[in-house]
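Labels below follow one simple rule: chain letters A, B, ... track the order of the sequence lines, proteins then strands, and each chain is numbered from 1. Everything quoted here is computed from the prediction, not taken from an experiment.
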Protein chains: 2
Amino acid sequence: MTTRIQRRNRSRILDAALEVFSQQGFRGATLDEIAAVAGLSKPNILYYFDSKDAMHRALLDALLDVWLAPLRALNPQGNPKQEIIGYMRRKLELSRDFPRESRLFANEVLQGAPRLSDEISGDLKALVDESAGIIQGWIDAGLLPQLDPYHLIFSIWALTQHYADFGAQIRLIRDGADPLEGADSYLETVFDRLLSV
Amino acid sequence: MTTRIQRRNRSRILDAALEVFSQQGFRGATLDEIAAVAGLSKPNILYYFDSKDAMHRALLDALLDVWLAPLRALNPQGNPKQEIIGYMRRKLELSRDFPRESRLFANEVLQGAPRLSDEISGDLKALVDESAGIIQGWIDAGLLPQLDPYHLIFSIWALTQHYADFGAQIRLIRDGADPLEGADSYLETVFDRLLSV
DNA sequence: GTCTATAGTCTGATAGAC
DNA sequence: GTCTATCAGACTATAGAC
């Protein structure tokens with residue numbers, strides 16, 4: 001039986017853990033800091049999650065569903081350019097709405113993806129291979145210019161996630177402005193020009 | 001007086017520190033691991049650098065010179081498209097030749113740039129403002145299409161650094177192949193199409 | 001210059017009172 | 001469920017022998 005208070009505390013802890021893990025990485029994060037951010041004692045957060053690792057694992061599992069959803073929505077029957085730009089838009093929305101999740105993922109990959117290699121070489125790779133196949137089909141049908149479909153996908157990741165992962169840098173360069181200001185229309189232009197036949 | 005052995009040990013330590021800091025971030029890195037990678041004892045590496053912080057600082061200082069050089073080479077008198085593609089190429093070379101430096105920088109910015117905010121809002125911002133001005137001049141002269149020059153610079157950073165920072169992910173998706181395979185010609189195509197008037 | 005030993009602090013996790 | 005108290009180990013850094 002899970003009470004309202006338990007659910008609230010669990011979600012507070014996960015939110016605090018996301019805050020700290022996404023900024024410091026797994027090893028750099030401490031339970032003390034997570035507990036302080038959550039407003040709970042250290043033994044108490046360990047009552048809800050067995051270990052530091054379990055907290056991190058819970059975050060990664062929740063993250064992957066959200067992270068892979070946009071690519072799953074690619075429709076082989078749709079208009080190629082609109083499908084790809086739509087994918088880019090959904091990824092950019094993730095950077096806007098879930099920047100901490102983006103940084104959590106970035107931290108993991110920077111560290112060599114020690115806790116994500118199974119998911120990346122399994123689910124994600126399969127999904128990317130399938131999507132690259134769809135894009136290559138469009139290219140072969142003359143609906144898109146000649147482009148390496150894998151690099152096309154990587155470049156969408158790079159361009160959209162950059163606004164979340166390097167947001168601190170952009171903010172410092174643009175006098176504190178929202179990093180994503182003007183990003184939508186810029187990236188729209190980029191992919192419109194890139195994908196025109 | 002600095003001996004040959006001292007210079008060799010200093011550079012061994014810095015190399016080991018780069019290896020560990022770039023993977024684990026500042027707080028996640030430990031002197032034990034740096035010492036082990038360097039093949040020296042922990043007190044010994046602290047004989048060469050006063051503290052963990054001093055090691056990190058030395059790496060950041062060396063990094064910034066290398067990191068900013070390509071943008072400084074932008075020539076207002078040159079051919080606009082070739083200048084920008086040349087800048088992109090030099091940045092991509094940095095990802096190829098100095099992937100650990102790229103990840104060290106990425107780690108810092110992910111953490112909110114606590115040890116780099118002065119350099120970013122000072123030197124780097126000034127350099128970006130100046131470069132954006134040059135690019136805007138080219139646009140106003142009709143030599144480039146209408147594009148936000150700041151986002152153009154950010155997109156060069158995003159696309160080139162992605163191959164170093166997310167190399168682990170790309171390697172897992174592409175069956176262990178060199179992440180940069182095909183990147184040169186792909187990015188050349190991207191910017192050729194983007195910057196044509 | 002390099003080592004062993006260790007000081008003093010922080011870390012993840014547990015015990016046990018309430 | 002939540003707390004205080006605390007453990008064992010890891011951490012940065014220093015002392016002192018050689």
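- For B:Gln82, the side chain to side chain contact (heavy atoms under 4.5 Å, CB included) test picks out B:Asn79, with sequence neighbours left out.
- The six-membered or imidazole ring of B:Tyr163 lies near that of A:His151, with a centre-to-centre distance under 6.0 Å.
- Side-chain nitrogen and oxygen atoms of A:Asn9 include at least one within less than 4.0 Å of the OP1 or OP2 phosphate oxygen of D:dT2.
- Along DNA chain C, the nucleotide nearest A:Asp53 and the nucleotide nearest B:Thr2 are compared for position; the residue whose nucleotide lies closer to the 5' end is B:Thr2.
- Looking at B:Glu181 and B:Arg96, no side-chain N of the basic residue comes within less than 4.0 Å of a carboxylate O on the acidic one, giving no salt bridge.
- Residues forming a salt bridge (Lys or Arg N to Asp or Glu O under 4.0 Å) with B:Glu93 (at least two apart in sequence, or on another chain): none.
- In this structure, A:Ile34 places its CD1 atom 14 Å from C1' of C:dA13, rounding to the nearest Å.
- The number of heavy atoms from other shown groups lying within 6.0 Å of CZ (A:Arg8) is above 12.
- The phosphate of D:dT2 (OP1 or OP2) has no side-chain N or O of A:Ser41 nearer than 4.0 angstrom.
- You'll find that the side chain of B:Tyr47 is closest to C:dT2, out of D:dA15, D:dC3, C:dT2.
- Under a cutoff of 6.0 Å and an axis angle of 45°, B:Lys91 and B:Trp67 form a cation-pi pair.
- Judged by the 6.0 Å and 45° rule, B:Arg115 forms a cation-pi pair with B:Phe26.
- The stretch residues 13-24 of chain A does not touch DNA chain D, since none of its heavy atoms comes less than 4.0 Å from the strand.
- Atom CG in A:Asn44 sits about 16 Å away from atom P in C:dG12, given to the nearest Å.
- Taking side-chain N and O atoms only, B:Tyr48 has a distance below 4.0 Å to OP1 or OP2 of C:dT2.
- Every residue meeting the salt bridge (Lys or Arg N to Asp or Glu O under 4.0 Å) condition with A:Lys125, not counting sequence neighbours, appears here in chain and number order: A:Asp129, B:Asp175.
- Between the CG atom of A:Asp50 and the C1' atom of C:dA13 there is a distance of 11 Å, rounded to whole Å.
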So which protein nitrogen or oxygen atoms get under 3.5 Å of nucleotides 9-12 of chain D's nitrogens or oxygens?
{"unit_1": "D:dC11", "atom_1": "OP2", "unit_2": "B:Asp32", "atom_2": "OD2", "d": "3.3"}
{"unit_1": "D:dT12", "atom_1": "OP1", "unit_2": "B:Ala29", "atom_2": "O", "d": "3.4"}
{"unit_1": "D:dT12", "atom_1": "OP1", "unit_2": "B:Leu31", "atom_2": "N", "d": "3.4"}
{"unit_1": "D:dT12", "atom_1": "OP1", "unit_2": "B:Lys52", "atom_2": "NZ", "d": "3.3"}
{"unit_1": "D:dT12", "atom_1": "OP2", "unit_2": "B:Leu31", "atom_2": "N", "d": "2.9"}

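- Residues passing the salt bridge (Lys or Arg N to Asp or Glu O under 4.0 Å) test with B:Asp118, sequence neighbours excluded: none.
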